[in-house]
Amino acid sequence: MAEEAKIEEKPNETEPNQVITLDEVTMEKGAIDFHNQDGVVSGNVYRGAVLRGRANLSIEGEVLGVPETRSVIEVGGDVLVDHSVTGAKILGRNIVIAGDVTDCQIQAEGHVEIHGQLLRSQLNVGSRAGLIRALNHKRLEVKSIEQKISELTVQTSSAARKFVRDYPQVDLKMGNILVPLKRDLRVKLQQFYTAVGTDDSAKIDKALEEFYLRVVVGMLTRNNKEYISRNPSRHKIFLKLIEELRLHILKIRDIDKREEQRRALLKEGDALLRQLKNSDPEPYVRVGGVVHEGVTVTLVRLKGFQESPSGTIDIDRVMIEGRVVRSEEEEDGTDKEAEGGVIVVVTGPGGAKSTITPPNGVLENGNFTAWEDDLLWQTG
């Protein structure tokens with residue numbers, strides 16, 4: 001039976017570096033989610049088991065699913081299996097399997113390495129789907145933040161004009177933070193941020209509230225003491241101004257926070273886009289043993305990158321498929337050298353077809369790689 005997940009704490013390390021360990025996994029415990037933690041399964045993963053997470057996963061036993069009830073492994077990081085895998089659906093960044101792979105569906109962002117034999121399986125490699133999703137998510141977040149900044153800017157612009165128009169006799173000047181102009185009141189908090197000396201958003205928010213109540217209100221009250229004392233009704237007007245100004249400054253702070261988020265997301269998005277454009281190495285599948293008939297390998301190469309009107313990135317994909325079949329199945333004739341063995345039927349972009357005929361009809365100890373719009377098998 002699968003055991004409850006145990007967190008194996010490492011000394012002097014922060015939470016993201018902790019490892020969740022399991023003895024074995026079966027379907028009875030339902031889907032296991034490692035979240036942002038690395039995962040280790042010291043035993044086997046049995047049919048119907050489901051493992052998910054956003055980090056790396058290491059399986060020290062076997063994966064023992066069947067095509068009718070597959071074991072499912074879906075993680076954002078690398079997958080390492082120390083033994084054979086049967087009847088599994090695996091999705092990860094880079095996937096390394098030390099044993100045989102049989103009746104599996106495998107999708108990898110970067111590459112796949114199988115040290116044993118490969119039988120009756122489908123492999124899709126190089127899609128970079130996780131990176132693309134992350135990039136587009138960040139782009140959409142940027143668009144959403146920009147829309148909110150635009151809305152808040154309209155509101156604060158209107159309020160800034162209102163202060164000058166409705167309170168012409170009140171002195172609102174306060175250094176470089178509050179600067180009354182002819183048509184509006186300019187609020188700039190950069191000097192305050194520098195004085196606070198922290199990047200912690202929550203601490204800045206708390207400090208701003210205290211700064212306003214203790215410093216801004218006190219200074220404005222002293223500067224407008226004569227104005228307030230001339231007429232008792234002006235005291236209520238001044239209190240109304242103080243509350244409106246507080247809300248106005250908090251909205252300016254909100255804009256500044258969103259602008260910081262926008263810049264951070266743009267920086268992160270640019271880094272992801274560079275990573276996609278400079279994907280190195282190219283996608284490949286490495287097989288140490290024999291590749292048998294019934295195997296399909298699809299390599300995906302990313303080419304054009306274009307920003308869409310919605311802000312996401314449209315990417316041109318070149319998909320090259322290699323299907324391993326018995327040589328006598330080909331209608332075009334059988335290579336005598338490969339008779340009784342296998343060949344690879346390659347389908348390139350636009351449906352163009354070609355074949356790979358391995359020596360003696362055996363695919364063993366080699367790599368599937370992409371060269372432009374073609375699929376190559378390289379031994380050794």
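A heavy-atom distance below 4.5 Å is found between the side chains of M174 and V215. The closest side-chain heavy-atom distance from L273 to L135 is below 4.5 Å. When side chains are defined from C-beta on, I20 does not count as touching H35, because their heavy atoms never get closer than 4.5 Å. Using a 4.5 Å cut-off on side-chain heavy atoms (C-beta onward), L123 and F368 make no contact. You'll find the side chain of E74 stays beyond 4.5 Å of the side chain of V50, heavy atoms only. Between E209 and D205 the shortest side-chain heavy-atom distance does not fall below 4.5 Å. Under the 4.5 Å side-chain criterion, counting only non-hydrogen atoms from C-beta, V187 is in contact with L178. For the pair K182/V164, no side-chain contact is recorded, criterion being any heavy-atom separation below 4.5 Å from C-beta on.
Under the salt bridge (charged side-chain N to carboxylate O under 4.0 Å, His left out) criterion, K138 pairs with E268, sequence neighbours left out. Residues satisfying the salt bridge (charged side-chain N to carboxylate O under 4.0 Å, His left out) criterion with K173, sequence neighbours excluded, are absent altogether. For Q147, the side chain to side chain donor-acceptor pair (under 3.5 Å) criterion is met by E151, not counting sequence neighbours.
No single ILVMFWY cluster, assembled from side-chain heavy atoms under 4.5 Å apart, contains both V112 and L376. Under the 4.5 Å side-chain contact rule for hydrophobic residues, I114 and L80 do not share a cluster. Note: the hydrophobic cluster containing I32 also contains V45 (ILVMFWY, side chain heavy atoms under 4.5 Å, direct or indirect links). Note on Y193 and V216: same hydrophobic cluster, where clusters join Ile, Leu, Val, Met, Phe, Trp and Tyr whose side-chain heavy atoms are under 4.5 Å apart, directly or indirectly. V179 and L185 end up in different hydrophobic clusters when Ile, Leu, Val, Met, Phe, Trp and Tyr side chains are linked at under 4.5 Å.
Proximity of a side-chain donor or acceptor of D171 to a complementary backbone N or O of N224 within less than 3.5 Å is not detected. Between the side chain of S84 and the backbone N or O of D100, at least one donor-acceptor pair lies under 3.5 Å. A donor-acceptor pair under 3.5 Å is formed between the side chain of S121 and the backbone N or O of L119. With hydrogens and angles disregarded, no donor-acceptor distance shorter than 3.5 Å links the side chain of R317 to the backbone of V300. Side chain of Y227 to main chain of V170: no donor-acceptor pair is present (N/O by atom type, distance under 3.5 Å, no hydrogens or angles). Proximity of a side-chain donor or acceptor of N56 to a complementary backbone N or O of D78 within less than 3.5 Å is detected.
Within the structure, salt bridge (Lys or Arg N to Asp or Glu O under 4.0 Å) contacts touching residues 349-375 (residues at least two apart or in different chains) do not occur.
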Steps toward side-chain contact (heavy atoms from CB on, under 4.5 Å) verdict (L245, L220): CA-CA 11 Å; L245 184 58; L220 291 180; 3.6 Å; yes

Please evaluate residues E243 and L247 with respect to the criterion side-chain contact (heavy atoms from CB on, under 4.5 Å), reporting the C-alpha separation (whole Å), side-chain torsions for both, the decisive distance (0.1 Å), and the verdict. CA-CA 6 Å; E243 178 58 20; L247 296 175; 3.8 Å; yes

side-chain contact (heavy atoms from CB on, under 4.5 Å) evaluation trace for I320 with V346: CA-CA 7 Å; I320 310 162; V346 180; 3.9 Å; yes

Working for side-chain contact (heavy atoms from CB on, under 4.5 Å), residues S201 and R253: CA-CA 10 Å; S201 183; R253 167 63 184 151; 3.4 Å; yes

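Taking CG of L241 as the start and CG of D166 as the end, the distance is 10.0 Å to the nearest 0.5 Å. Between the CZ atom in F34 and the CG atom in L22 there is a gap of 4.5 Å [rounded to 0.5 Å]. The line from CD1 of I228 to CZ of R234 is 10.0 Å long, rounded to the nearest 0.5 Å. From L239, atom CG reaches atom OG1 of T221 across 8.5 Å, with rounding to the nearest 0.5 Å. Rounding to the nearest 0.5 Å gives a distance of 5.5 Å between CD1 of I95 and CD1 of I90. The CG atom of L131 lies 6.0 Å from the CG atom of L272; values are rounded to the nearest 0.5 Å.
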List the atom pairs, with distances to 0.1 Å, where a side-chain N or O of residues 65-73 and a protein N or O form a donor-acceptor pair under 3.5 Å, not counting sequence neighbours.
{"unit_1": "R70", "atom_1": "NH1", "unit_2": "D103", "atom_2": "O", "d": "2.7"}
{"unit_1": "S71", "atom_1": "OG", "unit_2": "Y46", "atom_2": "O", "d": "3.0"}

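Of the charged side-chain nitrogens involved, none lies within less than 4.0 Å of a carboxylate oxygen, so that R161 and D184 do not count as a salt-bridged pair. In summary, E109 and R93 do not engage in a salt bridge, as defined by a charged side-chain N under 4.0 Å from a carboxylate O. Here R274 does not pair with D270 in a salt bridge; the nearest charged N to carboxylate O distance is not below 4.0 Å.
The nearest pair of heavy atoms linking V318 to P349 is CG1-CG, 3.3 Å. The nearest pair of heavy atoms linking H292 to V295 is O-CG2, 3.3 Å. Closest of all the heavy-atom pairs between I149 and T153 is O-OG1, 2.7 Å. A pairwise comparison of heavy atoms in A370 and R301 identifies CB-CD, 3.4 Å as the closest pair. Between V81 and V85, the shortest heavy-atom contact is CG1-CG2, 3.7 Å. Counting all heavy atoms, side chain and backbone alike, V342 lies closest to P358 at O-CD, 3.3 Å.
With a 6.0 Å radius and a threshold of 12 heavy atoms from other residues, nucleotides or ligands, K257 has its NZ atom above the threshold. At most 12 heavy atoms of other shown residues, nucleotides or ligands fall within 6.0 angstrom of atom CZ in R186. The environment of NZ in K162 is crowded: more than 12 heavy-atom neighbours from other residues, nucleotides or ligands sit within 6.0 Å. Counting heavy atoms of neighbouring residues, nucleotides and ligands inside a 6.0 Å radius, atom CZ of R262 exceeds 12 of them. More than 12 heavy atoms of other residues, nucleotides or ligands lie within 6.0 Å of CG in D200, so this atom counts as buried by the packing criterion. Residue E226 qualifies as open at atom CD: its count of foreign heavy atoms under 6.0 Å is 12 or below.
Of the residues listed (I97, N124, L118), the one engaging I106 in a side chain to side chain contact (heavy atoms under 4.5 Å, CB included) is I97, and it is the only one. Partner V125 forms a side chain to side chain contact (heavy atoms under 4.5 Å, CB included) with one of V297, V285, T298 and no other, that one being V285.
Judged purely by distance below 3.5 Å, without hydrogens or angles, the side chains of Y167 and E244 pair a donor atom with an acceptor atom.
Hydrophobic cluster membership for L140: none, as no Ile, Leu, Val, Met, Phe, Trp or Tyr side chain comes under 4.5 Å of it.
Classification of the H111-Y284 ring pair by plane angle, with boundaries at 30° and 60°, yields parallel.
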